[in-house]
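First listed ligand is number 1; within each ligand, the first listed atom is number 1.
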Amino acid sequence: MDQQGIIEKKWSIPTNISEKGKYIPGEIASSVRTTIEPQKLQSVAGIGIGVPGPISPDGKTVVQAVNLDWTQMPLKEILENELGIEVTLLNDANAAALGEMWKGAAQGKADLLFVTLGTGVGGGIVLNGEVLNGCHSSGGEIGHIPVRSEENRLCGCGGRNCLETFASANGLMLSMKKALLLKEESWPELTPPIIFEKAAENHQLAKEVLAEFTDILGQALAGIMNTIDVEEVVIGGGLSEAGDQLLKPLQEKMEQYVFPQIKEHFTVEKALLGNEAGIYGAVYASLNEPK
Ligand code: ZN
């Protein structure tokens, strides 16, 4: 990508997770070397990487990336040694937040809350144009906000009733399954788009499940808004494909729970860049790395 954010070349390679993913950094480096001509590679100013896991506070190590089978992977050092180019690491949700600020739904804004509603719930908080990483690289980990509930849903982090056990695609499907079971009803297929579709067709149970989903998510996001008071909330991830059917009631719920001073002074927008948000944000972070 050039410094204005125009993608010059885009490609992908398979992810080799054998032997605890130890070949991944080397395969990234050799793919870069074979794809970009040596002369061009010399002029590359930096490499930004959005990683699916937390980064150590010094920005050098991927603490853990469950999907890649990594623990304590010194990714920055390995790639800098292999390629001789400065590497900037950041968490993928934080990267997506910066990407949406630079080239997406929050263009021109310096303060935003980015939320991904996918398999899990991720988040990135940008204040004054900078991502909030926190003292333990857990800033913006909004998926693990505790939800008060009589249920006992086990979260991947080891906690109970974390926000993502309710407000993710998996959480939504579990809620729908439980509701159907109670009514001794069953659907041939159950996916988030089907739930939204049924609700749009006035299916009472689907509407109730979505109302509960929106209430839980709206409460959590209102709590964050009361803490950071930003002007825009950007919603990405697979569930954001529901568009206004999700975003309108979500904004209404948030309006109900936020501090009066904030009420009607923020917007909830659908993310624009999809999977590319992280690419833009990683480059943005690399360009803005303090030298
Ligand atoms: Zn959790």
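Just one residue in the list V44, I28, V32 forms a side-chain contact (heavy atoms from CB on, under 4.5 Å) with L83, and that residue is V32.
Within the protein, the number of N, O or S atoms lying under 2.8 Å from the Zn ion (ligand 1) is 4.
Cluster annotation: L180 is connected to L172 through the hydrophobic network of ILVMFWY side chains, with a link wherever side-chain heavy atoms come within less than 4.5 Å.
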Exercise for review: Could you go through the side-chain hydrogen bond (donor to acceptor under 3.5 Å, both in side chains) check for N170 and S168 one step at a time?
Suggested key: CA-CA 5 Å; N170 288 340; S168 62; 5.2 Å; no

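Remark: side-chain polar atoms of D244 are not paired, donor with acceptor, to backbone N or O of K248 under 3.5 angstrom.
To the nearest 0.5 Å, the span separating CD1 on I24 from OG on S31 amounts to 13.0 Å.
For E77, the CD atom is loosely surrounded, since the number of other residues' heavy atoms within 6.0 Å does not exceed 12.
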